[in-house]
Amino acid sequence: SVLLLRAGLALLAWPVYLLSFLGIWEPFCRKVFFPFFLEKISGVHEKKSKKHKQELFRNLPDFRGPSGQLRLLEIGTGSGSNFQFYPTGCRVTCTDINPNFQEGLSRNMKKHQHLHYEPFLVAAGEDLRQVPSGSVDAVVCTLVLCSVHSVSSTLREVLRVLRPGGAFYFLEHVAAEHSSWTYFWQQVCYPTWKLVFAGCCLTRELWKNLEEAKFSELKIQHISVAIPWMPIEPHIVGYGVK
């Protein structure tokens, strides 16, 4: 039944599959569709997840470095929806593999002038070579680990750039319980969803990757962030200390 429903969904999305076959969809998605879609859906997700983010980032000031300033790196910044949760005076380095979020990002930077911004870096989570080892106090990653090519490589880079005692903050959608209807629909939507939404994977069990990473302390909470008609309700939220 999963395969039949996958085929039916692929049939409905055949124009996208055709554009992908012709090599047109990926550049169009990266430059136009995904930045537009993400900015729209992030508003809905922000309303649903705001209380979780407020609680998550509450202890960010505790990880200030010896200088008294908090140096923060965000992976997959997008349009900067997390800026409102960062403490005043925080020095933020924004990174994203997709440079086409700059318009929305600039608007949010002007809106949140309580922060200091370093130059924007075009970089994948798996390759942060532009960031020196042990140079940041905190790394933030929200709704990004679903689409990186390698979760384990990204977490290794996170640990590399963090100073000892620094923290990695995350909020990510994950696979549902295997016996649930949500997981059934995640399996059905998986191939088409991944194609349409720039490599986003619905069935990653990211808590396992985090548990396998070498954090000295790890706090993970499973939560629900329900968005109508979207198979991404199960989430994890928390932080790990290097």
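Side-chain contact between Val158 and Cys141 is absent, with no heavy-atom pair separated by less than 4.5 Å. Val140 places none of its side-chain heavy atoms less than 4.5 Å from the side chain of Val92. Between Phe85 and Arg58 there is no side-chain heavy-atom pair separated by less than 4.5 Å. Between His235 and Val237 the shortest side-chain heavy-atom distance does not fall below 4.5 Å. For the pair Leu155/Val151, a side-chain contact is recorded, criterion being any heavy-atom separation below 4.5 Å from C-beta on. Under the 4.5 Å side-chain criterion, counting only non-hydrogen atoms from C-beta, Cys201 is in contact with Lys194. Two residues are said to be in side-chain contact when any heavy atoms from C-beta on lie closer than 4.5 Å; Leu202 and Ile232 meet this criterion. Using a 4.5 Å heavy-atom threshold, the side chains of His112 and Tyr86 count as separate.
Shown here is Glu26, whose CD atom has no more than 12 heavy atoms of other residues, nucleotides or ligands within 6.0 Å. Annotation: His114, atom NE2; neighbour count of heavy atoms from other residues, nucleotides and ligands within 6.0 Å is above 12.
For an aromatic pair to be called close, the ring centres must be under 6.0 Å apart, and His45 with His173 fails this. For Trp14 and Tyr17, the gap between ring centers reaches or exceeds 6.0 Å. Between Phe83 and Tyr117, the ring centre distance stays below 6.0 Å. Aromatic pair Tyr190/Trp193: ring centres not closer than 6.0 Å.
Salt bridge status for Lys208 with Glu211: absent, with no side-chain N to carboxylate O gap under 4.0 Å. For the pair Glu118 and Arg71, the salt-bridge criterion is not met [side-chain N within less than 4.0 Å of a carboxylate O]. Remark: Glu103 engages Arg107 in a salt bridge, criterion side-chain N to carboxylate O under 4.0 Å.
Pairing each heavy atom of Ser20 with each of Leu195, the nearest pair is OG-CD1, 3.5 Å. For Pro87 against Leu60, the heavy-atom pair with the smallest separation is CD-CD1, 4.0 Å. Between Pro132 and Arg160, the shortest heavy-atom contact is C-NH1, 3.8 Å.
The closest donor-acceptor contact from the side chain of Ser49 to the backbone of His52 lies at 3.5 Å or more, if one exists at all. A donor-acceptor contact shorter than 3.5 Å links the side chain of Arg204 to the backbone of Leu145. Looking at Thr95, its side chain does come within 3.5 Å of a backbone N or O of Glu74 through a donor-acceptor pair. Distance alone, capped at 3.5 Å, places no donor-acceptor pair between the Ser79 side chain and the Phe101 backbone. Formation of a donor-acceptor pair under 3.5 Å by the Glu126 side chain with backbone atoms of Ser150 is found in this model. At distances below 3.5 Å, at least one donor-acceptor pair connects side-chain atoms of Gln186 with backbone N or O atoms of Pro231.
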Residue pair Phe170, Val144: steps toward the side chain to side chain contact (heavy atoms under 4.5 Å, CB included) verdict: CA-CA 9 Å; Phe170 55 87; Val144 172; over 6 Å; no

Are Phe168 and Leu159 close enough, and set up right, to give a side chain to side chain contact (heavy atoms under 4.5 Å, CB included), and what steps lead you there? CA-CA 8 Å; Phe168 171 58; Leu159 285 165; over 6 Å; no

Check step by step if side chain to side chain contact (heavy atoms under 4.5 Å, CB included) holds for Tyr169 and Asn82. CA-CA 11 Å; Tyr169 288 80; Asn82 290 326; over 6 Å; no

Please test Lys50 against Gln84 for side chain to side chain contact (heavy atoms under 4.5 Å, CB included), starting from the C-alpha separation and ending with a verdict. CA-CA 10 Å; Lys50 187 171 184 177; Gln84 60 184 301; 4.0 Å; yes

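The hydrophobic cluster containing Leu18 also contains Val32, counting ILVMFWY residues as joined when their side-chain heavy atoms lie under 4.5 angstrom apart, directly or transitively.
In this structure, OG1 in Thr182 is found 13.5 Å from CE in Met230, a value given to the nearest 0.5 Å. A distance of 7.5 Å separates OG of Ser135 from CG of Leu73, quoted to the nearest 0.5 Å. Rounded to the nearest 0.5 angstrom, Cys90 SG and Phe57 CZ are separated by 10.5 Å. A distance of 6.0 Å separates CD of Glu172 from CG of Leu143, quoted to the nearest 0.5 Å.
One side chain, His178 or Glu205, offers a donor N or O that lies under 3.5 Å from an acceptor on the other.
When the options Lys242, Arg64, Arg163 are evaluated for a salt bridge (charged side-chain N to carboxylate O under 4.0 Å, His left out) with Asp137, the one that passes is Arg163.
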